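One structure is given below, encoded as structure tokens.
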Amino acid sequence: MPSYFDGHIEYLKGIGPQKAALINKELDIFTYGDLIQHYPFRYEDRTKFYSISALNDSFENIQIKGVITRFEMVNMGKKSRLVGHFKDESGAIELVWFQGINWVKSKIRPGVPYVVFGKPAKYGSKMSIAHPEIEPLTSSNESGGFLSPVYHTSERLRKKYIDSRFFGKAMRMLFVKAIDHIEETLPLSILQHHRLMSKKQAMVSIHFPKDQKILQVAKFRLKFEELFFVQLRLLKLKIARTDKFKGMIFDQSQLVTKFYEDFIPFELTNAQKRVVKEVYRDLRSGAQMNRLIQGDVGSGKTMVAFICGLLAIGGGTQVALMAPTEILAEQHFNGLKVFCDQLGLSIKRLTGSSKKSERNMIHEALEDGTLDLLVGTHALLEEKVKFKNLGMAIIDEQHRFGVAQRAKLWQKNENFYPHILVMTATPIPRTLAMTLYGDLDVSVIDELPAGRKPVKTVHYYDTNRLKVFGFMKEQLNAGRQVYVVYPLIEESEKLAYKDLMDGYESISRHQHFQNTPISILHGKMKPKDKDYEMNRFVKGETRIMVATTVIEVGVNVPNASVMVIENSEKFGLSQLHQLRGRVGRGADQSYCILMTDYKLSKDARTRVDTMVKTTDGFEIAEKDLEIRGPGDLSGTQQSGITDLLVSDLAKDGPILQMARETAKKLLENDPNLEQQENEPIKKQISRSKKSEMNWGRIS
Ligand code: ADP
Ligand code: MG
């Protein structure tokens, strides 16, 4: 049955087909339902009047009342402006018009009390408001009015007078009828337990709030509802999956024990042990595992993944490990080959540059089951790569892969879905992880191996480059290695390349580094050449690595102790953190040097300061979320959470937590939503099913 909210906005009085078409196009608003959810993004406070003497130019729009004492035309060259001298009991301010001067002069009278609304600015010592809204003081606006909603619109819409005011009017028109059609979406028990406002009242109050307090209560209600339904969906997905997909059971631990007793090169940290245990529990449970391991750079995820893989191999199946770059695949392969040789396991590597003959051999060994562990890049996803029995798929740095790619790995086994272990070094704030990975189980490695010294981070302006060169020299003399990294600018690859080459030149020509072997690494190089250069650096044959961000992910050279990041203002926080993670991997004190231009934007300054202040990946991730908002964080685009209308993941963590717990409890008590009381929830889910087509995660 079509609902009132499916009605098309062109039928709303005051809109009509032409404006509707424009609004469809510009704002994606088609139906009454879309329109009513076009919430104001801020409110102008008309609940109180300010004293003129209290104003300064840090204020946003404010409201004052008083009288114009006189008008004055000020001519400056061709341009003239009208100035109205406006005062209240406390002081005076200038109202300024550059346009519509005749209109103002004919309508606005000196000596009559007015309410003035606008943004105060300061020129010289004088305060003024340009093009204020001005209306006569009346009994209705005298006591201070209301919070006036401000709606998003666009330049093109504004040209057709479809502005914030227009939406305000449209909303009022819409509510006349819509109000009777707004249904409660939450059961009474939840409303009461969390003291939530009714849906109807919340919808009215978010568009027409009487005061701040009511607005906050209304927002809280709508945020809770929004996050509750997201969590409900994710949790249901997870439950469905655990019920539906049986998993292979691995409980043979001889291989793991042998590795622990004879070969493991270091003791696991407590965090590593805990995560291994969590995975083991999954592997014995009989359900298919979908687990995310979150661990800061250098926390030792590779070893954890390998040990988990051993349980699958010990259970007679094969394991695939997929990395986002060839360099990283190479490194995993080299590192794990040592252990596999010791344990008598067979391991191979498959990447885009593997030779045909080699590929064929690998395909065969995979299908007849003689190959235990396959390490590679997305070459693993190719149709031809077939396993005899894939028991576990491990995905490193999962944020680099798309959802579709992950789903492909799922399909690599016929009878059972393989257990899936995804790893990420991008520390995702809890709130975001809950929304992004709400359907995965999450393990956190929150401890670094003993003996690591936190990397010292300093900020230098470009003008101090010689000093930095001197420091690099010292470290090289002490036997260390150095990275110098340049940003990769996608819009201008050429420019980025030039920067890199200039940098390389100036280092190699400098007297300090005349006899220092230097590697260079960038995206234009063939994979083979990249590997060659990288390997030279890994082996210590070259001592300085000048590179673009191709080295960002996962590379491990414990002897490298200095990371110089050029133009670091051009990097995002999480990228800076990843880059810094390339050093501090050995026992020596390591350093990260952030070079910047003198001019820094406010955000760039915050990023640099944050990096200098902390090495805690989670703290950095929180800051990142604060600066950029969730939409920009890697991976979130694919998950649909950017569609949140009222909630802000950077700020609404506590509400999200509440919503998740409520959803969990609800599903425990009434898994299929059959109780009469939960009818509103069921209805709401079926209502939103239509618009959920693109909610596709690995499933
Ligand atoms: P990441 O979590 O960033 O992928 P890696 O797995 O590359 O980290 O590990 C970083 C380095 O730490 C490697 O050289 C690895 O051998 C070493 N390492 C891992 N776990 C431990 C541990 N428990 N004790 C000492 N060194 C460890
Ligand atoms: Mg890693």
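Index from 1, following the sequence. Note that the structure is predicted; figures quoted are calculated from it, not measured. In each ligand, atom 1 is the first atom listed, and ligand 1 is the first ligand listed.
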Quiz item: Does T269 approach ligand 1 within less than 4.0 angstrom via side chain, backbone, both or neither, non-hydrogen atoms only?
Solution: both
Quiz item: Which atoms of ligand 1 sit under 4.0 Å from any heavy atom of E267?
Solution: 22 (C), 23 (N), 24 (N)
Quiz item: So is there a nitrogen or oxygen of G295 less than 3.5 Å from a nitrogen or oxygen in ligand 1?
Solution: no
Quiz prompt | Residue-ligand contact Q578/ligand 1, heavy atom below 4.0 Å | solution = no
Quiz item: Less than 3.5 Å between some nitrogen or oxygen of G300 and one of ligand 1, yes or no?
Solution: yes
Quiz prompt | T457 side chain to R580 side chain, donor-acceptor N/O pair below 3.5 angstrom | solution = yes
Self-check item: Sub-4.0 Å atoms of ligand 1 with respect to non-hydrogen atoms of R585
Solution: 3 (O), 7 (O), 10 (C)
Exercise. Any atoms of ligand 1 less than 4.0 Å from a non-hydrogen atom of S299? List them with their elements.
Key: 2 (O), 8 (O)
Exercise. Give the atoms of ligand 1, by number and element, whose distance to some non-hydrogen atom of L268 is under 4.0 Å.
Key: 23 (N)
Quiz item: Between T269 and Q272, does a side-chain hydrogen bond (donor to acceptor under 3.5 Å, both in side chains) hold up when you go through it step by step?
Solution: CA-CA 5 Å; T269 63; Q272 283 172 314; 3.2 Å; yes
Quiz item: Between the candidates Q272, K301, R452, K273, which shows the shortest non-hydrogen contact distance to atom 20 (N) of ligand 1?
Solution: Q272
Quiz item: Any idea which part of Q331 is under 4.0 Å from ligand 1, heavy-atom wise: side chain, backbone, both or neither?
Solution: neither
Exercise. Might you confirm whether atom CD of E267 has over 12 heavy atoms from other residues, nucleotides or ligands at distances under 6.0 Å?
Key: no
Practice problem: Can you tell me which residue pairs pass the salt bridge (Lys or Arg N to Asp or Glu O under 4.0 Å) test with a partner in residues 297-315, sequence neighbours excluded? | Solution: none
Quiz item: Which ligand 1 atoms, with their elements, are less than 4.0 angstrom from a heavy-atom of D296?
Solution: 2 (O)
Practice problem: May I ask you to check whether T614 and E619 show a side-chain donor-acceptor distance below 3.5 Å? | Solution: yes
Quiz item: Which pair of heavy atoms, one from R284 and one from F250, lies closest together, and at what distance?
Solution: CG-O, 3.6 Å
Practice problem: Classify the side-chain pair S353/E326 by whether it contains a donor and acceptor separated by less than 3.5 Å. | Solution: yes
Quiz prompt | K530: salt bridge (Lys or Arg N to Asp or Glu O under 4.0 Å) partners, not counting sequence neighbours | solution = none
Self-check item: ligand 1 versus M423: contacting region, heavy-atom distance under 4.0 Å
Solution: neither
Quiz prompt | Parallel, tilted or perpendicular: ring planes of F339 versus F306, cut at 30 and 60 degrees | solution = tilted
Practice problem: Could you tell me which atoms of ligand 1, counted from 1 in the order shown, lie closer than 4.0 angstrom to a heavy atom of T302? | Solution: 4 (O), 5 (P), 6 (O), 7 (O)
